[in-house]
Participant: 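Before I ask anything, let me first share the structure, which is written out below as structure tokens.
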Number of protein chains: 2
Amino acid sequence: MEIRAIDHVAMVVPDLDAALGVYERLLGATVENRETLEAQGVEAAMLRAGDARLELICPLDQESGVARFLAARGPGMHHVALQVEDVTAALDELESVGARLIDSRPRRGLGDHEVAFVHPESLHGVLVEVVSRG
Amino acid sequence: MEIRAIDHVAMVVPDLDAALGVYERLLGATVENRETLEAQGVEAAMLRAGDARLELICPLDQESGVARFLAARGPGMHHVALQVEDVTAALDELESVGARLIDSRPRRGLGDHEVAFVHPESLHGVLVEVVSRG
């Protein structure tokens, strides 16, 4: 799979406004985008600091996967997103080398980009997103 | 603080060789650097995939902070490293805006770069490293 770069790192937080305030103040980050993603049951914000993107994710209810993550592990890093040219091609390649996929086809993520997730079982507990900005 | 980019994301794994094999096979990553960091009680490898750097960290004993992290949370993401021009200046700025620091002065990390850690309490459970490659 041809990875271009780390696109962003995402953190789960219990209070989006409070976390945004902290990330803005401590890291000098600015909000690039903020959206409610109903299908995932989260509100998310993409922060920018230089070329770094940091995503903050907050569950909207107690049912979503992100809510269960927060309840089980507390706030912290949730996933790392790797930028690829073509998400469909990346999924094909991942599958061909034996990766277990959460998404067998791309779906729309924050900012309307194509994204898909690889199961953390495949990468020693690390949830990896592949994303295209192309 | 002037952040340039995400320098790398680091994961804790229980078996470095096994994890390297998986990351090479699934992500097409290659090893840029591998070192034992006695002071931190870990063996670490920096992987490269395109412009992305992914660090794998494995505890050498049961005493290190990384060993305790692995015992408590299992394998997974450990920290995100943000690239800055000057680690000392970044620490001064972080302290001036109220961040709690783990390292009040830079120390030597993997690849002999200057690094320092911010306490996860300051960033909603996220362990942040600042690193200079300058």
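This is a predicted model, so every value here is computed, not measured. Below, chain A is the first sequence line, B the second, and so on; all start at residue 1.
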Participant: Report yes if the side chains of B:Ser122 and A:Val22 come closer than 4.5 Å at any heavy-atom pair, otherwise no.
Facilitator: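 No - every pair of side-chain heavy atoms lies 4.5 Å or more apart.
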Participant: Can A:Leu27 be reached from B:Ile6 by stepping across I, L, V, M, F, W or Y side chains whose heavy atoms are under 4.5 Å apart?
Facilitator: yes
Participant: Which heavy-atom pair separates B:Val126 from A:Tyr23 by the least distance, and what is that distance?
Facilitator: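 Here B:Val126 and A:Tyr23 meet closest at CG2-OH, 3.5 Å.
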Participant: Return yes when atom CD of B:Glu85 has more than 12 non-hydrogen atoms of other residues, nucleotides or ligands closer than 6.0 Å, and no otherwise.
Facilitator: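 Open.
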Participant: Most heavy-atom pairs under 4.5 angstrom with chain B, which of A:Asp51, A:Ile3, A:Val130?
Facilitator: A:Ile3
Participant: Side chain, backbone, both or neither: which part of A:Leu82 has a heavy atom under 4.5 Å from chain B?
Facilitator: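 It is the side chain, since no backbone atom gets that close.
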Participant: If hydrophobic clusters are built by linking Ile, Leu, Val, Met, Phe, Trp and Tyr wherever their side-chain heavy atoms come under 4.5 Å apart, do A:Met1 and A:Val80 end up in the same one?
Facilitator: yes
Participant: Quick check for you: among B:Arg48, B:His79, B:Glu93, which has the greatest number of heavy-atom pairs under 4.5 Å with chain A?
Facilitator: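 Greatest number of close heavy-atom pairs with chain A: B:His79.
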Participant: Please answer: with hydrophobic residues joined when any side-chain heavy atoms are less than 4.5 Å apart, are A:Ile102 and A:Val84 in the same cluster?
Facilitator: no
Participant: Measuring from atom CZ of A:Arg25 to atom CG of B:Leu94, what distance do you get when rounded to the nearest 0.5 angstrom?
Facilitator: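 Answer for the CZ-CG pair, A:Arg25 versus B:Leu94, is 10.5 Å.
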Participant: In residues 63-78 of chain B, which residues are in contact with chain A at a heavy-atom separation under 4.5 Å?
Facilitator: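 Expected list: B:Arg73, B:Pro75, B:Gly76, B:Met77, B:His78.
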Participant: Counting only heavy atoms closer than 4.5 Å, note whether B:Arg53 contacts chain A via side chain, backbone, both or neither.
Facilitator: backbone
Participant: If hydrophobic clusters are built by linking Ile, Leu, Val, Met, Phe, Trp and Tyr wherever their side-chain heavy atoms come under 4.5 Å apart, do A:Val31 and B:Val97 end up in the same one?
Facilitator: yes
Participant: Which one wins on heavy-atom pair count under 4.5 Å against chain A: B:Gly28, B:Gly50, B:Ala29?
Facilitator: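 So the answer, after comparing B:Gly28, B:Gly50, B:Ala29, is B:Gly50.
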Participant: Taking the side chain as every heavy atom from C-beta outward, state whether B:Leu26 and A:Val128 have any pair of such atoms under 4.5 Å apart.
Facilitator: no
Participant: Between chain A and each of B:Ala99, B:Ala52, B:Gly125, count heavy-atom pairs under 4.5 Å; write down the option with the most.
Facilitator: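 Heavy-atom pair counts peak at B:Ala52.
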Participant: Under 4.5 Å between side-chain heavy atoms, counting indirect links through other Ile/Leu/Val/Met/Phe/Trp/Tyr residues: same cluster for A:Leu60 and A:Ile57 or not?
Facilitator: no
Participant: Can you name the residues of residues 9-21 of chain B that have some heavy atom under 4.5 Å away from a heavy atom in chain A?
Facilitator: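 The stretch touches chain A at B:Val9, B:Met11, B:Val13, B:Pro14, B:Ala18, B:Ala19.
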Participant: Within a reach of under 6.0 Å around CD of B:Glu2, are more than 12 heavy atoms found that belong to other residues, nucleotides or ligands?
Facilitator: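 Result for CD/B:Glu2: open.
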Participant: Please classify the contact between B:Leu54 and chain A as side chain, backbone, both or neither, with a heavy-atom cut-off of under 4.5 Å.
Facilitator: side chain
